[in-house]
**Student:** 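Dropping the structure in here first, questions after.
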Amino acid sequence: MAPILLPSDVGEIWRRAPQRRHRVASIRVAPPYDLGRTLECGQVFRWTLHGDEAVGTFRGRRWTVRRDGNLLRAHLDGVASGRRQVAPLWRHLATDAPLSLIEERLARDPVLRRILPHTTGIAIMRQDPWECLVSFVISAFNNIPKIRQSVEQLCRRFGEPVPGGGYAFPTAARLAEARPPALRACLLGYRAPYVRGVARAVADRMVGLSRLAAVPYEAAREALVALPGVGEKVADCVLLFSHGHTEAFPVDVWIQRAVEEAYFRGRRTPGAIREWARDQFGPLAGYANQHLFLAARSGLI
DNA sequence: ATTCAGGTGCGAG
DNA sequence: CTCGCACCTGAA
């Protein structure tokens, strides 16, 4: 199959999207943005969805976001007065991602053209790198309900209470000083030392986690893989979901099976699949990944 | 009771 | 450097 050469401009448009400075409690999102699909396609673990209402903690505040057609309304829970800057929340939810352009480009690939009608509207969020890193370290050889429980336990035991209810994600310094038994009590199992390890590395500035967005993909990846409990797949998740490296293509068992089935009809190593995806989709590899992942989990591939 | 789950770090060849 | 294997533990 001929590689689909994608101009790098799409990735750049997304990455450099202007941040609105004024306060807005609501925002109109361009089709096909789908809040529910964005929150439930597996990139984030702490947002919960109830029909058209999403609840999540972001930057130490509890938010409720209601969807009304193409309009999203944000409510700050537990804060009686004093409006607050909402723009960072929209940025977090990636409401500015040029999805129609991205999906139009992705549809040049025959496989994606077939599944896109079932997966359209996914935006790749901009998550806090530290929370994202810990979440995906926990995700290794684990199942989603338990991952969510573990993250929630970490917040409950080590995070600061949040006005609207619940707890913020704990800081690296806080987790670095946590006792191993207390960490294991968060259902972490054998991953407890990994969480402690990454906490220490980040707290001690062994790795400039928040600066990796400005570091080229390959170099940023190397820095992450050096951390305990962080392999190729977890590194790619962090680079994609929190650092804006949309050329990252995390290969888990679902993606591996889907790509082998739909593109190769034969076995490939995770590394080979990752390299193939970067070549095939360029700066949109991460978006392709999310659509293929959701399609695989939905039984479409 | 047995099996499975969004990988990673190991040692062995 | 690639390959095979063990691994905490709750939920089905």
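Every chain is numbered from 1 and lettered A, B, ... according to where its sequence line falls, protein lines coming before strand lines.
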**Student:** Within the distance-only criterion (no hydrogens, no angle test), does the side chain of Q43(A) pair as donor or acceptor with the backbone N or O of Q127(A) below 3.5 angstrom?
**Tutor:**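 No, because the side chain of Q43(A) does not come within donor-acceptor range (under 3.5 Å) of the backbone of Q127(A).
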**Student:** Once you round it to whole Å, what is the distance between P of dG7(B) and CG of L224(A)?
**Tutor:**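 Taking CG of L224(A) and P of dG7(B), I get 18 Å after rounding.
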**Student:** So P228(A), base contact, sugar-phosphate only, or nothing? Heavy-atom distance under 4.0 Å.
**Tutor:**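 Sugar-phosphate, no base atom in range.
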**Student:** On DNA chain C, does the nearest nucleotide to P145(A) precede the nearest nucleotide to N142(A) from the 5' side, or the other way round? Give the residue.
**Tutor:**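 In this pair, the answer is N142(A).
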**Student:** Identify whether the distance between the nearest side-chain nitrogen and carboxylate oxygen of R37(A) and E40(A) falls below 4.0 Å.
**Tutor:**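 No, R37(A) and E40(A) are not salt-bridged.
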**Student:** Under 4.0 Å between any heavy atoms, over every strand shown, what does G229(A) touch: base, sugar-phosphate, or nothing? Just pick one.
**Tutor:**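 Sugar-phosphate: the residue G229(A), judged by heavy atoms under 4.0 Å, touches backbone atoms but no base.
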**Student:** Atom CD1 of I138(A) to atom P of dG10(C): distance rounded to whole Å?
**Tutor:**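 Spelled out: CD1 on I138(A) to P on dG10(C) is 15 Å.
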**Student:** Answer with base, sugar-phosphate or nothing: what part of the nucleic acid does L227(A) contact at a heavy-atom distance below 4.0 Å?
**Tutor:**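 Sugar-phosphate only.
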**Student:** Distance check needed: dC8(C) C1' versus I147(A) CD1, whole Å only.
**Tutor:**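 It is 13 Å, rounded to the nearest whole Å.
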**Student:** With side-chain contact (heavy atoms from CB on, under 4.5 Å) as the test, would you mind laying out the steps for W130(A) and L175(A) before giving the verdict?
**Tutor:** CA-CA 11 Å; W130(A) 164 240; L175(A) 286 189; 3.8 Å; yes
**Student:** Looking at dC3(C), dT8(B), dT9(C), which one has an atom nearest to any side-chain atom of R184(A)?
**Tutor:**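 Closest of the options to the side chain of R184(A): dT9(C).
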**Student:** Would you call the rings of Y194(A) and Y190(A) parallel, tilted or perpendicular, taking 30° and 60° as the class edges?
**Tutor:**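 Correct class here is perpendicular.
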**Student:** Who does dA5(B) pair with, Watson-Crick or G-U, both distances under 3.5 Å?
**Tutor:**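 Across all strands, the one nucleotide that pairs with dA5(B) is dT9(C).
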**Student:** Taking dC3(C) as the reference, what is the distance to dG6(B) when you measure between their P atoms (whole Å, please)?
**Tutor:**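 Each nucleotide's P atom is 24 Å from the other's.
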**Student:** With a cut-off of less than 4.0 Å, is there a side-chain N or O of R191(A) near OP1 or OP2 of dT8(B)?
**Tutor:**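 So the side chain of R191(A) is outside the cut-off, no N or O lying under 4.0 Å from OP1 or OP2 of dT8(B).
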**Student:** Applying side-chain contact (heavy atoms from CB on, under 4.5 Å) between I138(A) and each of L187(A), L133(A), L188(A), report the one that passes.
**Tutor:**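 Among L187(A), L133(A), L188(A), the one that satisfies the side-chain contact (heavy atoms from CB on, under 4.5 Å) with I138(A) is L188(A).
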**Student:** Quickly work out the E232(A) CD to dT8(B) C1' distance and round it to whole Å.
**Tutor:**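 That distance rounds to 10 Å.
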**Student:** Separation of L188(A) atom CG from dG10(C) atom C1', in whole Å?
**Tutor:**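 My rounded result for the distance is 13 Å.
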**Student:** Give the intermediate values and the outcome of side-chain contact (heavy atoms from CB on, under 4.5 Å) for residues W276(A) and V251(A).
**Tutor:** CA-CA 11 Å; W276(A) 163 82; V251(A) 180; over 6 Å; no
**Student:** Does Q149(A) have a side-chain nitrogen or oxygen under 4.0 Å from the phosphate oxygens OP1 or OP2 of dA11(C)?
**Tutor:**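 Answer is yes, contact under 4.0 Å.
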**Student:** Specify the separation, in whole Å, of atom CZ of R297(A) and atom P of dG6(B).
**Tutor:**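 Checked: the CZ to P distance equals 5 Å.
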**Student:** Applying a 4.0 Å non-hydrogen cut-off, can you work out what V234(A) is touching in the nucleic acid: base, sugar-phosphate, or nothing?
**Tutor:**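 Answer is sugar-phosphate: V234(A) comes under 4.0 Å of backbone atoms only.
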**Student:** Assuming nearest nucleotide by heavy-atom distance, tell me which of V230(A) and K146(A) is located more 5' along DNA chain B.
**Tutor:**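 The answer here is K146(A).
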**Student:** Do we count Y194(A) as stacking onto dT8(B) if the rule is ring centres under 5.5 Å and planes under 30°?
**Tutor:**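 Given the distance and angle limits, no, they do not stack.
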**Student:** Measure the distance from OH on Y190(A) to P on dG10(C) and round it to the nearest whole Å.
**Tutor:**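 Interatomic distance, OH of Y190(A) to P of dG10(C): 14 Å.
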**Student:** At 4.0 Å (heavy atoms only), tell me whether L187(A) reaches a base, stays on the sugar-phosphate, or touches nothing.
**Tutor:**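 Sugar-phosphate, no base atom in range.
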**Student:** Could you state the atom-to-atom distance from NE2 of H291(A) to C1' of dG6(B) in whole Å?
**Tutor:**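 For the pair H291(A) NE2 and dG6(B) C1', the rounded distance is 18 Å.
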**Student:** Suppose we define a pair by two distances each less than 3.5 Å, Watson-Crick or G-U wobble; what does dC10(B) pair with here?
**Tutor:**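 For dC10(B), the partner nucleotide comes out as dG4(C), under the 3.5 Å rule.
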**Student:** How far, in whole Å, is dG11(B) from dC8(C) if one measures between their P atoms?
**Tutor:**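 Between the two P atoms, the distance is 15 Å.
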